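Everything below concerns the one structure shown next.
A quick note: this is a predicted structure, and the numbers were derived from the prediction, not measured.
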Amino acid sequence: MTYRFLIYISYSYSIPIGEPLEREILNRNYEVFWFADEKDGKSALRDKVNSFENINHVIDFKPHVVLAATNDVPDFITGLKVQIFHGFNAEKRPEKQSFSHFRIRGFFDLYCTQGPNTTLEFKKLEQLYGYFKVRETGWSKMDPLFPIPKKETDLKPTILIASTFTERLSLAYNSEVFHTIQQLADGGDFNFLMVLHPKVKGEFRDKWKSLRNENFEFYDTTDLIPLFKKSDVMFADTTSAIQEFLIQKKPVVAFRHTFPHDYLININSSDEIKEAFKKALNPKKELIDNIQTYILQLHPYFDGKSSVRVLDASIQMINSDLSKLKNKPLNLIRKYKIRKKLNYFTLKSFNHPLEALKHA
């Protein structure tokens, strides 16, 4: 059977999540199209010939599987709705112990989890709700990271700076951090690469871009893996890029992270930055051991085949007995919001995967 896949995104940063899946889908000679429900995502998909501009085209496509790197997905589209996630659980807010990563919004039939520390919680939720399944597959975005090459020895170490967009959590908005990095870049002891979340305000993006010199390079990209491979250390705040970078077993210096994790070098002042970089470049065995322990819980897959596992799990579920799954909740408010967002109003709603696949 030739399956039809839809990769459903909102923002440009989800394209590197979908592309490994797209390659695997095409490798199997199945059909695949993209759709974005936000302006940023639509703009990023303009160069893709296999993308839909209009939700009506999505409906006419009748996908068998919808791979969603979003929190919500239209309930009126056919097919199995699969949550592939748009990031790791970044654990940004300690006051919310459940974290938004584990919020069940009532739209998905299958959750493809990234590793044991998310699978365990989602398995509990699977038993609680009864209308979706959970399979641990690893995360498709990490596939191009493997195999991890040995970095060539340079005269100067390379620091990758990455930042979240939430202003109160972001180092990108901190003037003292800016001036310290400016001094270090001028000093020439380190090479700096920098990337900012697409939602960071333009004036601050321009400010950091102004630092460009032989020791500092700013990248306007959402494809972070090539930068990971070039870098010896990451300097970040609470961005989920931290977890992605750690999978290489390379140290991270975290500026005012909300949790004092033992797998990070935690600092709270710009005065500590240079010394923290030195520690990261000559890490203690204890730190490396802590990183190793953590990533085995986060993403214990180093074969670059998470996309293979996502597709296998999706197709296996399509061909399994789904009759015992409960119907999804009515979810009227969220369903209305999706219809308003897409300017598509319909009473059609597939509340059970059997029904959604029957019409695909």
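A 6.0 Å sphere centred on NZ of Lys337 holds no more than 12 heavy atoms belonging to other residues, nucleotides or ligands. Ile333 CD1: 12 or fewer foreign heavy atoms inside a 6.0 Å radius. Crowding of Asp206 atom CG: a count of heavy atoms from other residues, nucleotides or ligands under 6.0 Å exceeding 12. Within a 6.0 Å radius of NZ in Lys249, other residues, nucleotides and ligands contribute 12 heavy atoms or fewer. Taking a 6.0 Å sphere around NZ of Lys348, one finds it holds 12 or fewer heavy atoms contributed by other residues, nucleotides or ligands.
A distance-only check finds no donor-acceptor pair linking the side chain of Thr164 to the backbone of Ser170 [under 3.5 Å]. No side-chain donor-acceptor contact under 3.5 Å links Lys250 to the backbone of Phe245. Although no hydrogens or angles enter the test, the distance criterion places no donor-acceptor pair under 3.5 Å between the side chain of Lys141 and the main chain of Pro16. Here the side chain of Ser314 pairs a donor or acceptor atom with the backbone of Val310 at under 3.5 angstrom. No donor-acceptor distance shorter than 3.5 angstrom exists from the side chain of Asn331 to the backbone of Arg334, with no hydrogens or angles considered.
The other members of the hydrophobic cluster of Tyr13, by chain and number, are Tyr11 (side-chain heavy atoms under 4.5 Å, ILVMFWY only). Leu330 belongs to a hydrophobic cluster with Leu332, counting contacts under 4.5 Å between side-chain heavy atoms of Ile, Leu, Val, Met, Phe, Trp and Tyr, direct or through other members. Counting side-chain heavy-atom gaps under 4.5 Å among Ile, Leu, Val, Met, Phe, Trp and Tyr, Val308 is found in no cluster with other residues.
Sequence neighbours left out, not one pair with a member in residues 265-281 passes side-chain hydrogen bond (donor to acceptor under 3.5 Å, both in side chains). Sorted by first and then second residue, the ring pair (Phe, Tyr, Trp, His ring centres under 6.0 Å) pairs involving residues 55-74 (not counting sequence neighbours) are Tyr3-His64, Phe33-Phe61, Phe52-Phe61. Residue pairs that meet the ring pair (Phe, Tyr, Trp, His ring centres under 6.0 Å) test with at least one member in residues 322-348, sequence neighbours left out, are Phe76-Tyr344.
Relative ring orientation between Tyr111 and Phe85 is described as tilted, the plane-to-plane angle lying within the 30° to 60° band. Relative ring orientation between His261 and His257 is described as perpendicular, the plane-to-plane angle rising above 60° on a 0-90° scale split at 30° and 60°. Between Phe35 and Tyr8, the angle of the ring planes lies from 30° to 60°, which puts this pair in the tilted group. Phe122 and Phe102 have tilted rings, their planes meeting at an angle from 30° to 60° on a 0 to 90° scale. Below 30°, between 30° and 60°, or above 60°: for Phe235 and Phe277 the angle between ring planes is above 60°, a perpendicular geometry.
For Phe204, the side chain to side chain contact (heavy atoms under 4.5 Å, CB included) criterion is met by Tyr173, Val200, Lys201, not counting sequence neighbours. Shown here are the salt bridge (Lys or Arg N to Asp or Glu O under 4.0 Å) partners of Arg339, two or more places apart in sequence or in another chain: Asp75. Evaluation of the side-chain hydrogen bond (donor to acceptor under 3.5 Å, both in side chains) rule for Asp72 yields no partner, not counting sequence neighbours. In terms of the salt bridge (Lys or Arg N to Asp or Glu O under 4.0 Å) criterion, Lys305 has no residue partners (sequence neighbours excluded). Applying the salt bridge (Lys or Arg N to Asp or Glu O under 4.0 Å) rule to Lys285 yields the partners Asp289; only residues at least two apart in sequence or on another chain are considered. Among residues two or more places apart in sequence or in another chain, the salt bridge (Lys or Arg N to Asp or Glu O under 4.0 Å) test is passed with Asp109 by Lys328.
Side-chain atoms of Leu224 and Leu160, non-hydrogen and from C-beta on, never get closer than 4.5 Å to each other. Taking the side chain as every heavy atom from C-beta outward, Phe216 and Met194 approach each other to under 4.5 Å. For the pair Lys335/Ser349, a side-chain contact is recorded, criterion being any heavy-atom separation below 4.5 Å from C-beta on. The shortest distance between side-chain heavy atoms of Leu184 and Asp189 does not fall below 4.5 Å. Annotation: side chain of Leu80 is in contact with side chain of Met317 (closest heavy-atom distance under 4.5 Å). Side chains of Ile15 and Asp223 form no contact here, defined as non-hydrogen atoms less than 4.5 Å apart. For the pair Asp232/Phe190, no side-chain contact is recorded, criterion being any heavy-atom separation below 4.5 Å from C-beta on. The shortest side-chain heavy-atom distance between Pro198 and Thr222 falls under the 4.5 Å cut-off.
Here the CG-OG1 distance, from Asn89 to Thr118, works out to 8.0 Å after rounding to the nearest 0.5 Å. With rounding to the nearest 0.5 Å, the separation of CD in Gln183 from CD1 in Ile273 is 9.5 Å.
Across all non-hydrogen atoms, the minimal contact from Ala360 to Arg4 is C-NH2, 3.3 Å. Scanning both residues, Pro251 and Ile288, for their nearest heavy atoms gives CG-CD1, 4.4 Å. The two residues Pro300 and Gly115 come nearest to each other via the heavy atoms CD-CA, 3.9 Å. Nearest heavy-atom pair across Ser210 and Phe178 is OG-CZ, 4.3 Å. In terms of heavy atoms, Ile247 sits closest to Ile148 at O-CD1, 4.0 Å. Residues Pro74 and Lys81 approach most closely at O-CE, 3.6 Å, considering heavy atoms.
The aromatic ring centroids of Trp139 and Phe88 lie less than 6.0 Å from each other.
Lys123 has a carboxylate O that lies under 4.0 Å from a charged side-chain N of Glu126, or vice versa, which qualifies the two as a salt bridge. Ion pairing between a basic and an acidic side chain is recognised when a charged N comes within 4.0 Å of a carboxylate O; Asp220 and Arg205 show such pairing. Between Glu24 and Arg28 a salt bridge is recorded (basic side-chain N to carboxylate O distance below 4.0 Å).
Checking Val195, Leu196, Leu193 one by one against Phe218, the side chain to side chain contact (heavy atoms under 4.5 Å, CB included) holds for a single residue, Leu196.
Residues Phe350 and Tyr129 do not share a hydrophobic cluster, defined by chaining ILVMFWY side chains whose heavy atoms lie under 4.5 Å apart. In the hydrophobic clustering of ILVMFWY residues, with side-chain heavy atoms under 4.5 Å counting as a link, Phe146 and Ile17 come out together.
Glu22 and Asn50 share a donor-acceptor pair across their side chains, judged by distance under 3.5 Å alone. Residues Asn191 and Lys230 have side chains that never bring a donor and an acceptor to within less than 3.5 angstrom of each other.
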